[in-house]
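Proteins get letters first, then strands, A, B, ... in listed order; numbering begins at 1 in each.
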There are 2 protein chains.
Amino acid sequence: MKLTTKGRYAVTAVLDLALHCEKGPVTLADIAERQKLSLSYLEQLFSKLRKAEVVKAVRGPGGGYLLGSTTENISVSEIIDAVEEKVDATQCGGQGDCNKGMACLTHTLWQDLNDQVHGFLKGVSIASLMERSAVKQVALRQDAGPQDEPQIVTLED
Amino acid sequence: MKLTTKGRYAVTAVLDLALHCEKGPVTLADIAERQKLSLSYLEQLFSKLRKAEVVKAVRGPGGGYLLGSTTENISVSEIIDAVEEKVDATQCGGQGDCNKGMACLTHTLWQDLNDQVHGFLKGVSIASLMERSAVKQVALRQDAGPQDEPQIVTLED
DNA sequence: GAAAAGCTGAGTAATTTAGTTGGTTAAAAG
DNA sequence: CTTTTAACCAACTAAATTACTCAGCTTTTC
Ligand code: FES
Ligand code: FES
């Protein structure tokens with residue numbers, strides 16, 4: 001099973017987008033700045049998100065990205081599926097053939113785990129994430145800007 | 001989140017062990033043969049499993065491995081935890097600090113996913129796996145030996 | 001004392017990840 | 001119509017991780 005920063009970044013970025021796209025398109029530069037992510041890396045992720053129609057792009061000045069659907073209709077599962085090749089717990093990729101061409105002892109277990117994870121992630125929408133108090137708090141802090149950014153003190157000689 | 005062949009191999013191997021340890025210790029060589037796994041790799045995994053007391057070792061000729069507990073008391077979760085460093089969906093390792101030292105927008109989501117996966121894997125015991133008809137069938141096939149192993153035909157010149 | 005098995009640590013090839021570089025288009029602003 | 005903005009795209013790279021192998025040691029039985 002694979003759930004790496006790729007998927008996590010994507011969800012974080014789309015959530016940030018959702019929190020800021022009321023007044024029009026949001027640029028990747030803004031998202032990168034707020035979430036401390038690499039702009040070029042985000043571009044790659046959003047390329048995939050656009051192809052999966054999770055987001056819509058607006059080119060040119062004043063452009064940026066918009067959500068491809070309502071916040072209720074975008075699930076975390078969709079976002080991760082768009083950027084990761086597969087969130088799959090099985091070895092065989094669902095083929096049931098990792099013991100010399102036949103099912104291994106634990107194939108059904110990993111399939112069940114797949115269903116479990118997928119079901120959970122499918123049930124979480126961007127809208128429901130936005131309602132969480134923890135998310136609201138973090139968003140508030142990030143929007144306030146870096147005015148009280150903890151300063152790293154380096155002792156120089 | 002990390003669920004790789006390491007964890008899958010471990011569960012498969014322990015399940016194989018459970019299915020064959022009635023008449024005494026089972027050697028890793030046997031398990032490797034039946035499950036088509038690398039012997040040296042299994043040795044590494046069982047070293048960790050032994051330290052986590054999931055299995056017991058018996059050295060010398062006639063030796064091998066036994067379960068460290070009853071099949072009802074060994075959960076899949078335990079096995080994976082023993083060999084993988086961590087099955088953790090968060091970026092921060094639970095510290096809540098991946099946005100320049102503070103919680104990122106999606107921290108709570110990954111924590112919830114963690115609970116979900118962990119809860120599921122904790123609920124599956126070796127005993128319950130052994131009762132599955134799919135597992136029984138695969139075990140039967142594997143015990144019958146390689147008599148009708150599908151022959152790979154290579155065209156030589 | 002030879003063989004069977006477990007035990008251990010170091011090393012390695014392949015793969016994947018996370019990210020950079022260096023551009024090009026499309027659209028709006030001036 | 002030129003400049004600027006921001007999306008779009010492909011290729012490349014460094015670092016990390018994984019899935020192993022190899023070589024040798026230790027314990028126990030026959
Ligand atoms: S995981 Fe599907 S056959 Fe082994
Ligand atoms: S995943 Fe924990 S702070 Fe981001």
Please set out all donor-acceptor pairs under 3.5 angstrom arising from side-chain atoms of residues 126-134 of chain A, sequence neighbours excluded.
residue	atom	partner	partner atom	Å
A:S128	OG	A:S125	N	3.2
A:S128	OG	A:S125	O	2.8
A:R132	NH1	B:T108	OG1	3.2
A:R132	NH1	B:D112	OD2	3.1
A:R132	NH2	B:D112	OD2	3.2

Pair of N/O donor and acceptor under 3.5 Å linking C:dT17 base with A:Q44 side chain: no

Euclidean distance, atom CG of residue A:L45 to atom C1' of C:dT17 [Å, nearest integer]: 12 Å

With B:Q35 via side chain to side chain contact (heavy atoms under 4.5 Å, CB included) - residues at least two apart: A:N99, A:L105, B:T12, B:D16, B:I31, B:L37, B:Q142

Sugar-phosphate, base or nothing in reach of A:F46, heavy atoms under 4.0 Å: nothing

Chi angles and distances behind the side chain to side chain contact (heavy atoms under 4.5 Å, CB included) call for A:L39, A:E33: CA-CA 8 Å; A:L39 174 59; A:E33 158 71 19; over 6 Å; no

First of B:V26 and B:Q91 reached from the 5' end of DNA chain C, by closest nucleotide: B:V26

Partners meeting side chain to side chain contact (heavy atoms under 4.5 Å, CB included) with B:Q91 (sequence neighbours left out): A:T5, A:R8, A:Y9, B:C98

Nearest-angstrom distance from the residue atom CG of A:L39 to P of D:dC9: 15 Å

Earlier contact from the 5' end, DNA chain C, for B:K51 and B:T27: B:T27

Spacing of A:D30 atom CG relative to D:dA7 atom P, expressed in whole Å: 9 Å

B:K48 NZ - C:dG6 P separation (whole Å): 18 Å

side-chain N/O A:R50 vs D:dA6 OP1/OP2, d < 4.0 Å: no

Presence of A:S38 side-chain N/O under 4.0 Å of C:dT20 phosphate oxygens OP1/OP2: yes

Nucleotide D:dT18, atom P - distance to CG of B:L3 in whole Å: 11 Å

Between C:dA26 (C1') and A:Y65 (OH): distance, integer Å: 13 Å

Any B:T4 side-chain N or O less than 4.0 Å from OP1/OP2 of D:dT17: no

Side chain to side chain contact (heavy atoms under 4.5 Å, CB included) involving B:S77 - partner list, sequence neighbours excluded: B:S75, B:D81, B:H118, B:L121, B:K122

Residue-phosphate contact under 4.0 Å: A:T5 side-chain N/O, C:dA18 OP1/OP2: yes

A:Y9 side-chain N/O to C:dG19 phosphate OP1/OP2 under 4.0 Å: yes

Contact letters for nucleotides 24-30 of chain D, in which S counts primed atoms plus P, OP1 and OP2 and B counts the base, heavy atoms under 4.0 Å: --BBBB-

Integer-rounded Å distance: D:dA7 P and A:L66 CG: 11 Å

Any pair counted as side-chain hydrogen bond (donor to acceptor under 3.5 Å, both in side chains), so long as it reaches residues 61-74 of chain A, sequence neighbours left out: A:T70-A:N73

Sugar-phosphate only, base, or nothing, as touched by A:S40 at under 4.0 Å among non-hydrogen atoms: base

Any donor-acceptor N/O pair, A:N114 side chain to A:A89 backbone, under 3.5 Å: yes

Side-chain touch A:R34/A:V26, heavy atoms, less than 4.5 angstrom: yes

Between C1' of D:dT21 and CG of B:L42, the distance in whole Å: 14 Å

